[in-house]
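Right, one structure below, let's go through it.
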Amino acid sequence: MLDSRFVRENVEEVRAALKKRGYDFPLQEFLALDEKRIRLLRETEELRNRRNVVSEEIGRKKREKTDAAPELEEMKGVSEKIKSLEEGLRAVEDETKGLLLTIPNIPHESVPSGRDETENIEVRKWGEPGTFGFEPLNHWDIGERLGIIDFDRASKIAGARFAVMKGAGAKLERSLMNFMLENNTANGYTEIFPPILVNRESMTGTGQLPKFEAELFRITDPEFYLIPTAEVPVTNIHRDEILKETDLPVYYTAYTPCFRREAGSYGKDTRGLIRQHQFNKVEMVKFVRPEDSFEELEKLTANAEEILQKLGLPYRVVALCSGDLGFSSAKTYDLEVWLPGQNKYREISSCSNFMDFQARRANIRFKREGKKGTEFVHTLNGSGLAIGRTLVAVLENYQQQDGSVIIPEALRPYMGSERIA
RNA sequence: GGAGAGGUGGCUGAGCGGUUGAAAGCGACGGUCUUGAAAAUCGUUGUGGGGGCAACCCCACCGUGAGUUCGAAUCUCACCCUCUCCGCCA
């Protein structure tokens, strides 16, 4: 959420910045609401002040046994008047907040301008796509051939966009999860295992709601949302809290299943593990001081890259352009891993700095040593990494001509074997 | 699911419907004392919003929302959450 005062005082800059995203800021609507809000607020406060003053006067007269009839007469109906003013005020405030909640974050100045993903900028590349003496297979062919991924049974059990992992496939999934968590905790992240059903407030705090309801699984009675990423519960750990400056930075890492409707992606990645309704992911989340957040984004991205490097998977880092930026993000790097089966780089991690956008929504603040008042923290998060897609990358990059798959060095202690055959 | 208890400031914990934004204690910060520290002692110590060049003034907030009242932390109702016991259960 943007700061309404900041928006009010910098309308043109805000509009220009959001235009870079292709977002048309409803300037007139906002300013009209804001003006109305201030007017109602002053009127309400004035009347409340009158009520307080006179009520106190009545109290004193009653104690002194003097006649308070004139004051009581004056106060007749004042409460009603205040009530209706308050109602109007709240309606305007709700409307303003509702509007602000649907406005995306302002892209950071370092974000390249662009319309869509075709205008993202490659920042760096690591590793060389391997050469095969044969036509490399898709991971679903590898997986089915090895009997470690079963899509047919999954569709019987649940439906499309689900998978059953079996034997070495299931173990590989678990090995990746453990490997990633241990790598992240070694980098100073505290391990978290959060709820994966959350309430509306949490979804609003990180920005999924109110705008992206259609992308979420929801259960009713009682109402809960299934998390689309661990970012949601983990960031909301500190919702409505004031942290001490000395607590910062806070680093968390969490493994969770993630659930996404994938509405509107019919026909995209229909085969294989790339796009599932349920997938596993290890996430990293940071709470930092505002002046540190961009340096922290670089470190966060490096932490995610480290995992790919240790697995020996070729990848590239892409800076998302303004038009491709997620709703809540001020700046995002995507990590794209090389997939020989598809002969292209595919997203495997997304590392973002949200600055104070989520912190304002979720009311996560901190207090500086010896300074009055509070400030919003900056929040960041990044996948470290999407486990299913990493498994895909391992299968495709380490496949052998004989159909077997070599286990990367770093995973062998977890797998207890060198090869899936 | 059944029965009961409770939700007040960073924490503990008071609070006859009328200077209670809220006693007291702890903690924290500052001063005095001390070679230094401790102890002692004095003082300060919530958040958000509106106004003012400023000193400062005003409004709101005692789980949430309604209600009663000139006036609610205090009374009424609903809801939420936490805890205890019973039942059920991975």
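Just so we're clear, the structure is a prediction, and the values are computed from it rather than from any experiment. Residue numbers begin at 1 in each chain, while the letters A, B, ... track the order of the sequences.
- The interatomic distance linking A:K81 (NZ) with B:C70 (C1') rounds to 17 Å, in whole Å.
- Considering only the side chain of A:R37, B:G50 comes nearest among B:G50, B:G18, B:C59.
- The six-membered or imidazole ring of A:F354 lies away from that of A:H378, with a centre-to-centre distance of 6.0 Å or more.
- A gap of 23 Å separates the C1' atoms of B:A60 and B:U76, to the nearest Å.
- Comparing atom distances between the A:I38 side chain and each of B:G50, B:A60, B:G18 picks out B:G50 as nearest.
- A:N52 has a side-chain polar atom (N or O) that falls below the 4.0 Å cut-off from OP1 or OP2 of B:A60.
- As rounded to the nearest Å, B:C61 and B:A22 have P atoms that lie 14 Å from one another.
- At the phosphate of B:C58, neither OP1 nor OP2 sits under 4.0 Å from any side-chain N or O atom of A:N49.
- Both distances falling under 3.5 Å, in either a Watson-Crick or a G-U wobble arrangement, place B:C83 opposite B:G4.
- Aromatic pair A:F287/A:F366: ring centres not closer than 6.0 Å.
- Residue contacts shown for A:T374 are limited to sugar-phosphate atoms, with no base heavy atom under 4.0 Å away.
- Here B:A78 sits opposite B:U64 as a Watson-Crick or G-U wobble pair (both hydrogen-bonding atom distances under 3.5 Å).
- Inspection of the A:T256 and A:K281 side chains reveals no N or O donor paired with an N or O acceptor under 3.5 Å.
- Of the possible polar contacts, one joining the A:N120 side chain to the A:C321 backbone as a donor-acceptor pair under 3.5 Å is found.
- Nucleic acid contact for A:L41: sugar-phosphate only, since backbone atoms but no base atoms lie under 4.0 Å from a heavy atom of the residue.
- Using a 4.0 Å heavy-atom distance criterion, A:R5 is classed as a sugar-phosphate-only contact.
- Rounded to whole Å, the P atom of B:C53 lies 38 Å from the corresponding atom of B:G63.
- Rounded to a whole angstrom, the distance from the C1' atom of B:G43 to that of B:G51 is 30 Å.
- As judged by a 4.0 angstrom heavy-atom cut-off over every strand, A:K62 is placed among the base-contacting residues.
- Taking atom CD on A:E43 and atom P on B:C59, their separation rounds to 16 Å, with Å as the unit.
- Summarising the base pairing, B:U35 is matched to no nucleotide, lacking a Watson-Crick or G-U wobble pair whose two defining distances lie under 3.5 Å.
- Comparing the same atom, C1', in B:U74 and in B:U8 gives a spacing of 11 Å after rounding to whole Å.
- OP1 or OP2 of B:G48 lies within a sub-4.0 Å distance of a side-chain N or O belonging to A:R365.
- Rounded to whole Å, the separation between the C1' atoms of B:A23 and B:U19 comes to 15 Å.
- If you take CZ of A:R42 and C1' of B:G50, they are 7 Å apart, rounded to a whole angstrom.
- Base pairing analysis places B:G10 opposite B:C26; the two distances defining the Watson-Crick or G-U wobble pair are each below 3.5 Å.
- Taking atom NZ of residue A:K83 and atom C1' of nucleotide B:A72, one finds them 13 Å apart after rounding to whole Å.
- Distance A:M75 CE to B:U68 C1': 18 Å, rounded to the nearest Å.
- Between A:F193 and A:Y255, the two ring planes are parallel [angle under 30°; tilted spans 30° to 60°].
- Atom CZ of A:R51 and atom P of B:C58 are 16 Å apart (whole Å).
- Side-chain N/O atoms of A:S79 include one lying less than 4.0 angstrom from OP1 or OP2 on B:G71.
- Atom NZ in A:K310 sits 8.5 Å away from atom CD1 in A:I307 (nearest 0.5 Å).
- Nucleotides B:U64 and B:U82 have their C1' atoms positioned 15 Å apart, rounded to a whole Å.
- In this structure, of B:C59, B:C70, B:A66, it is B:A66 that holds the atom nearest to the side chain of A:R90.
- Counting any heavy atom pair closer than 4.0 Å across all strands shown, A:R63 reaches sugar-phosphate atoms only and no base atom.
- Annotation: B:G46 and B:A28 have their C1' atoms spaced 13 Å apart (nearest Å).
- Separating the NZ atom of A:K367 from the C1' atom of B:C29 is a distance of 11 Å, rounded to the nearest angstrom.
- Taken from CG in A:L273 to NE2 in A:H139, the straight-line distance is 4.0 Å, to the nearest 0.5 Å.
- Between A:E241 atom CD and B:G46 atom C1' there is a gap of 16 Å when expressed in whole angstrom units.
- Comparing A:V53 and A:L72 along RNA chain B, the residue whose closest nucleotide (by nearest heavy atom) sits nearer the 5' end is A:V53.
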